[in-house]
A.B. asks: 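For reference, the structure I am asking about is given below.
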Amino acid sequence: HSEATVIVADDITPADIILLHQQGVAAFISEHGGPLSHTAILVRSLGVPAVFGLHHARRMVVDGEIIIVDGDNGHAIAGPDALALAWYEKRQQLDKDYRRELGRLKSEPAITQDGHTVCLMANIELPEDSVSAYDNGAHGVGLFRTEFLYMNREKMPDEEEQLEAYRRVLEAARGPVTIRTLDLGADKQVDSGRSQSPTATNPALGLRAIRLCLKEQDMFRVQLRALLRASSFGEMRIMLPMISNLQELRQALHLIEETKDDLRRQSLAYNEKVQVGAMIEVPAAALAAPLLARYADFFSIGTNDLIQYTLAIDRVDDEVNYLYDPLHPAVLRLIQITIEAGAQAGIPVAMCGEMASDPRYTRLLLGLGLTEFSMNPGSLLEIKRIIRHSDTRGLRGIVQRLLASTNSAEMHELIEQLAAPALH
Ligand code: PEP
Ligand code: MG
């Protein structure tokens with residue numbers, strides 16, 4: 001409508017999105033970046049339409065004209081004619097009707113036809129996202145990305161401010177809450193944090209996430225103190241991003257134990273039994289999952305990074321985005337190894353990367369034995385619908401054949417069989 005603003009930019013960072021969203025921007029178009037970037041993930045969680053990697057977009061739009069932003073299909077239409085407008089208005093209406101219908105599933109269980117219960121959790125970026133998580137029937141929070149608390153500010157949030165943010169999420173919770181320790185670096189930069197090293201030509205392979213935290217231990221300890229103190233307010237789990245070897249996991253666990261000692265000495269409350277898990281998002285971690293499982297209380301598969309690192313494609317580079325393939329046999333094998341390692345060790349395995357929210361892969365993941373999915377709140381009911389229409393007995397066989405197949409025609413046929421069921 002007339003007041004809605006569409007931002008058309010060269011590139012947009014997560015920090016820009018937070019600021020612009022607060023000003024009521026209706027949609028975003030960016031000439032660069034891809035759908036797996038943190039900017040795109042944040043936009044999706046806000047429910048704002050966006051298209052990324054639309055080269056030369058700024059040259060093709062005129063200030064003040066109407067733009068249709070079709071985030072589902074990655075299209076933007078500047079200056080649409082009456083026919084296009086009518087068509088998209090109809091689609092908007094159909095989408096609303098479908099969402100209303102999905103709304104009926106909110107309180108229904110996520111259970112397959114053969115009686116397997118699946119745990120559906122939400123990914124949240126900001127404490128206030130909890131509202132839409134539970135509005136969409138989430139069982140809890142499978143991933144709270146804490147780095148967004150650190151954006152658009154000059155100073156890092158201190159222990160009390162972090163404690164307050166975690167406590168808010170825990171107090172709103174209706175199930176377990178998994179809070180991830182800082183995952184800064186690469187495409188998640190903050191003004192107040194450590195800036196990128198001048199020699200880092202491959203920031204995704206550089207000092208990010210747990211690596212940065214283990215190096216900047218003063219900063220990490222502040223977060224660990226806040227997390228542990230928050231653990232006394234509800235069922236909270238701590239998740240460590242980008243673990244690539246056992247040493248990192250053990251070092252982080254050691255710091256957590258030291259922080260507990262400090263809190264105990266100061267008579268500050270925390271949950272002694274707080275669960276600590278590892279994200280599996282580096283191929284080495286997936287391959288070493290049986291070893292990591294001896295020390296981790298749970299795993300969560302981060303497919304956004306796992307696919308980036310396995311296939312050697314930068315997730316924010318739109319030039320190589322076409323290679324981003326969750327169905328690549330190497331990716332499927334790494335997911336399978338992780339799920340099996342978790343089952344062997346008796347620890348839960350979740351998936352919190354975008355693959356978990358994509359209806360094209362739900363049945364495949366069920367067939368691989370995944371029982372915990374975490375995703376942006378807006379996708380929860382659609383995935384629940386598919387789960388309720390699925391029977392894992394048949395799916396396991398199809399997935400085993402898919403993993404063993406070397407014939408691309410057969411693989412396509414098996415993938416067709418795993419497609420999401422039709423709406424009605
Ligand atoms: C992932 O890598 O899949 C993930 C969930 O973490 P992030 O997208 O924040 O890197
Ligand atoms: Mg990641």
Side-chain angles (χ1 to χ4, degrees), residues 13-15 17-18 33-46 52 120-126 129 133 141-151 177-190 193 202-213 223 237-244 248 277-286 289 298-317 321 324-326 328 331-332 334-335 338-339 349-358 361 365 370 372-377 379 383:
T13 65
I17 295 289
I18 293 178
L36 274 306
S37 67
H38 285 101
T39 310
I41 289 172
L42 181 62
V43 168
R44 203 173 290 128
S45 80
L46 296 170
F52 290 84
L120 288 182
M121 312 280 277
N123 290 356
I124 63 168
E125 324 300 331
L126 297 165
D129 295 346
V141 172
L143 166 64
F144 176 16
R145 290 182 166 98
T146 54
E147 44 286 353
F148 294 105
L149 295 174
Y150 289 61
M151 285 179 179
V177 173
T178 309
I179 306 185
R180 180 171 73 182
T181 60
L182 265 179
D183 186 7
L184 292 179
D187 69 325
K188 276 180 289 197
Q189 297 293 335
V190 291
N202 288 313
L205 303 182
L207 192 65
R208 56 167 291 212
I210 194 70
R211 301 170 179 182
L212 179 63
C213 287
Q223 184 175 39
R237 314 194 297 180
I238 297 176
M239 182 154 83
L240 306 166
M242 221 197 154
I243 291 287
S244 62
E248 283 171 338
M279 279 193 75
I280 302 295
E281 49 183 351
V282 176
F298 62 92
F299 285 151
S300 188
I301 306 172
T303 49
N304 309 337
D305 279 315
L306 185 64
I307 298 171
Q308 155 168 268
Y309 295 129
T310 305
L311 304 182
I313 34 165
D314 189 334
R315 62 194 262 192
V316 295
D317 186 344
N321 229 253
Y324 202 92
D325 180 14
H328 191 294
V331 173
L332 296 183
L334 292 171
I335 294 173
T338 308
I339 293 174
V349 179
M351 178 178 285
C352 62
E354 295 298 285
M355 188 177 179
S357 67
D358 191 326
Y361 310 128
L365 296 172
L370 190 74
E372 196 174 318
F373 293 61
S374 191
M375 65 196 75
N376 73 82
S379 297
I383 300 300

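Both counts, for ligands and for their atoms, begin at 1 and track the order of listing.
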A.B. asks: Start with the C-alpha distance between L207 and L212, add both sets of side-chain angles, then the distance that settles side chain to side chain contact (heavy atoms under 4.5 Å, CB included), and finish with yes or no.
C.D. replies: CA-CA 5 Å; L207 192 65; L212 179 63; 3.9 Å; yes
A.B. asks: Please check: side-chain N/O of Y309 versus main-chain N/O of L205, any donor-acceptor pairing under 3.5 Å?
C.D. replies: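 The answer is no, because no donor-acceptor pair under 3.5 Å joins these two groups.
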A.B. asks: List for me each residue that meets salt bridge (Lys or Arg N to Asp or Glu O under 4.0 Å) alongside R180, sequence neighbours excluded, and say none if there are none.
C.D. replies: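 Result, salt bridge (Lys or Arg N to Asp or Glu O under 4.0 Å) vs R180: E147, D183.
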A.B. asks: Search all heavy atoms of R211 against all heavy atoms of S244 and return the closest pair with its distance.
C.D. replies: NH2-OG, 3.9 Å
A.B. asks: Show the numbers, then the answer: is there a side chain to side chain contact (heavy atoms under 4.5 Å, CB included) between I339 and L370?
C.D. replies: CA-CA 7 Å; I339 293 174; L370 190 74; 4.1 Å; yes
A.B. asks: Working to the nearest 0.5 Å, report the span between NE2 of H38 and CD of E125.
C.D. replies: 8.5 Å
A.B. asks: Starting from the Mg ion (ligand 2), count all protein N, O or S atoms within a radius below 2.8 Å.
C.D. replies: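 With waters ignored, the protein N/O/S count below 2.8 Å is 2.
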A.B. asks: Could you walk me through whether R315 and E281 pass the salt bridge (charged side-chain N to carboxylate O under 4.0 Å, His left out) test, one step at a time?
C.D. replies: CA-CA 13 Å; R315 62 194 262 192; E281 49 183 351; 5.5 Å; no
A.B. asks: Listed by chain and number, what are the side chain to side chain donor-acceptor pair (under 3.5 Å) partners of S45, not counting sequence neighbours?
C.D. replies: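 Once residues adjacent in sequence are excluded, S45 has no partner under the side chain to side chain donor-acceptor pair (under 3.5 Å) criterion.
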A.B. asks: Go through it in stages, so that I can follow the logic: the residues are V349 and T338, the test is side chain to side chain contact (heavy atoms under 4.5 Å, CB included), and I'd like the CA-CA distance, side-chain angles, deciding distance and then a yes or no.
C.D. replies: CA-CA 8 Å; V349 179; T338 308; 4.3 Å; yes
A.B. asks: Which pairs of N or O atoms, one from ligand 1 and one from the protein, are separated by less than 3.5 Å, and what is the distance for each pair?
C.D. replies:
from	atom 1	to	atom 2	distance (Å)
ligand 1	2 (O)	E281	OE1	2.9
ligand 1	2 (O)	D305	N	3.0
ligand 1	2 (O)	D305	OD2	3.0
ligand 1	3 (O)	G302	O	3.4
ligand 1	3 (O)	T303	N	3.1
ligand 1	3 (O)	N304	N	2.8
ligand 1	3 (O)	N304	ND2	3.2
ligand 1	6 (O)	R180	NH1	3.0
ligand 1	8 (O)	H38	NE2	3.3
ligand 1	8 (O)	R145	NH2	2.9
ligand 1	8 (O)	N304	ND2	2.9
ligand 1	8 (O)	R315	NH2	2.8
ligand 1	9 (O)	H38	NE2	2.9
ligand 1	9 (O)	R145	NE	2.7
ligand 1	9 (O)	R145	NH2	3.4
ligand 1	9 (O)	R180	NH1	3.1
ligand 1	9 (O)	R180	NH2	2.8
ligand 1	9 (O)	K188	NZ	3.2
ligand 1	10 (O)	H38	NE2	3.0
ligand 1	10 (O)	D305	OD2	2.9
ligand 1	10 (O)	R315	NH1	3.0

